[in-house]
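Below is one structure, written out as structure tokens, with a few remarks after it.
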Amino acid sequence: MNGTQTAVKEPFLTDVLKLRERARKNIDQGAITPDYQGDVKKTIEILQSVLATEIVCVLRYTMNAVAAAGLSSQSVKEEFDEHAKEEAEHMRLVAERINQLGGTPNFNPEGLASRSASEYVEGANLVEMIKENLIAERIACEHYRELVRYFADKDPGTRVMMEGILVTEEEHANDMHDLLVAHQGRPPIEK
Ligand SMILES: [Fe+2]
Ligand SMILES: [Fe+2]
């Protein structure tokens, strides 16, 4: 019944010879090939802001881990330490991606807070620290979800990286929420 003998139509994927030929051209552009549908400049600009957000998160959690130790809250300190480590991994991933796209990751401390989406707020006590971290994580979750939608198919590599980071930020927000409930004794978020 159906004509299996019909002529081969246009290949769905780019012909391998064309791929090879294109890959040899413009090798100075590294991972950026002609099919990249994103705006490289804009992507780098967005990622610089993500990088700043992650650096601020590393600083805040590290500071909190040190301060929490003073308050003899070992389990909270450990949680802050773990988050600081994971934020540092995000920071590195984003910096590497900026580099892959041909940019220079901006680690300049000057202007860092204004480039970051989340704020650096020192909590006066343990509950305040947890609360500020929860707020920062919620900002990151919303911001990164928006970026995942923005990159979509235009830049799948950056999107997948942001999806991975987003999953961790959601876990962080959940961890902070649990800690807040544990230390405040009541659900802090009303709907
Ligand atoms: Fe992060
Ligand atoms: Fe986080």
Side-chain angles (χ1 to χ4, degrees), residues 42-69 71 73-101 103-109 111-152 155-184 187-189:
K42 179 128 193 252
T43 301
I44 292 172
E45 208 175 285
I46 290 170
L47 291 181
Q48 298 288 18
S49 150
V50 174
L51 177 62
T53 303
E54 295 298 336
I55 298 171
V56 167
C57 288
V58 174
L59 296 176
R60 198 188 53 251
Y61 274 122
T62 306
M63 184 275 172
N64 285 179
V66 173
L71 299 166
S73 308
Q74 194 56 28
S75 60
V76 181
K77 174 202 177 315
E78 281 169 15
E79 196 75 46
F80 288 163
D81 266 329
E82 195 191 308
H83 285 202
K85 206 178 116 246
E86 287 169 343
E87 306 297 10
E89 287 167 9
H90 294 167
M91 177 187 82
R92 186 61 190 251
L93 271 174
V94 175
E96 298 279 3
R97 185 68 186 161
I98 292 171
N99 184 59
Q100 276 175 17
L101 293 170
T104 305
N106 187 356
F107 280 91
N108 194 339
L112 179 67
S114 55
R115 292 197 304 275
S116 162
S118 56
E119 299 162 288
Y120 180 93
V121 183
E122 286 180 13
N125 54 52
L126 201 64
V127 168
E128 287 303 313
M129 282 181 208
I130 299 168
K131 204 181 273 179
E132 285 305 327
N133 283 313
L134 174 56
I135 293 166
E137 295 294 354
R138 283 168 56 80
I139 292 171
C141 285
E142 189 169 346
H143 184 38
Y144 295 174
R145 251 179 239 127
E146 192 181 26
L147 293 185
V148 165
R149 286 187 211 109
Y150 170 78
F151 289 121
D155 183 343
T158 303
R159 189 200 70 228
V160 169
M161 178 191 73
M162 289 311 303
E163 283 173 348
I165 295 176
L166 170 63
V167 170
T168 318
E169 309 303 7
E170 288 177 347
E171 284 170 14
H172 288 174
N174 194 48
D175 291 342
M176 288 301 117
H177 181 254
D178 288 351
L179 278 182
L180 195 54
V181 172
H183 285 79
Q184 261 193 347
I189 296 169

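What's counted below: heavy atoms across the whole structure, side chains too, no hydrogens, waters or symmetry copies. When a ligand or atom number is given, it counts from 1 through the structure's own listing order.
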Name of the Glu54 atom (N/O/S only) found closest to the Fe ion (ligand 1): OE1
Among the N, O or S atoms of His90, the one nearest the Fe ion (ligand 1):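 Relative to the Fe ion (ligand 1), the closest nitrogen, oxygen or sulfur of His90 carries the name ND1.
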Whether Thr53 side chain and Ala117 backbone form a donor-acceptor pair below 3.5 Å: yes
Glu137 near the Fe ion (ligand 2): N/O/S under 2.8 Å: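 A backbone or side-chain N, O or S atom of Glu137 is under 2.8 Å from the Fe ion (ligand 2).
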His172 near the Fe ion (ligand 2): N/O/S under 2.8 Å: yes
Residue Cys57, metal the Fe ion (ligand 1), N/O/S under 2.8 Å: no
Short N/O/S contact of Glu169 with the Fe ion (ligand 1) (below 2.8 Å):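 Here the distance criterion (N, O or S atom, under 2.8 Å) is met by Glu169, so yes.
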Short side-chain donor-acceptor distance under 3.5 Å, Glu169 and His90: yes
Polar contact flag, side-chain donor to acceptor under 3.5 angstrom, Gln74-Glu78: yes
Phe80 and Tyr61 aromatic ring geometry - parallel, tilted or perpendicular at 30°/60° bounds: tilted
Residues Arg138, Glu142: salt bridge by 4.0 Å N-O rule: no
SB check Asp81 Lys77 (cutoff 4.0 Å):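 Looking at Asp81 and Lys77, the cut-off is met.
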Which atom of Glu87 approaches the Fe ion (ligand 2) most closely (N/O/S):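 The atom in question is OE2.
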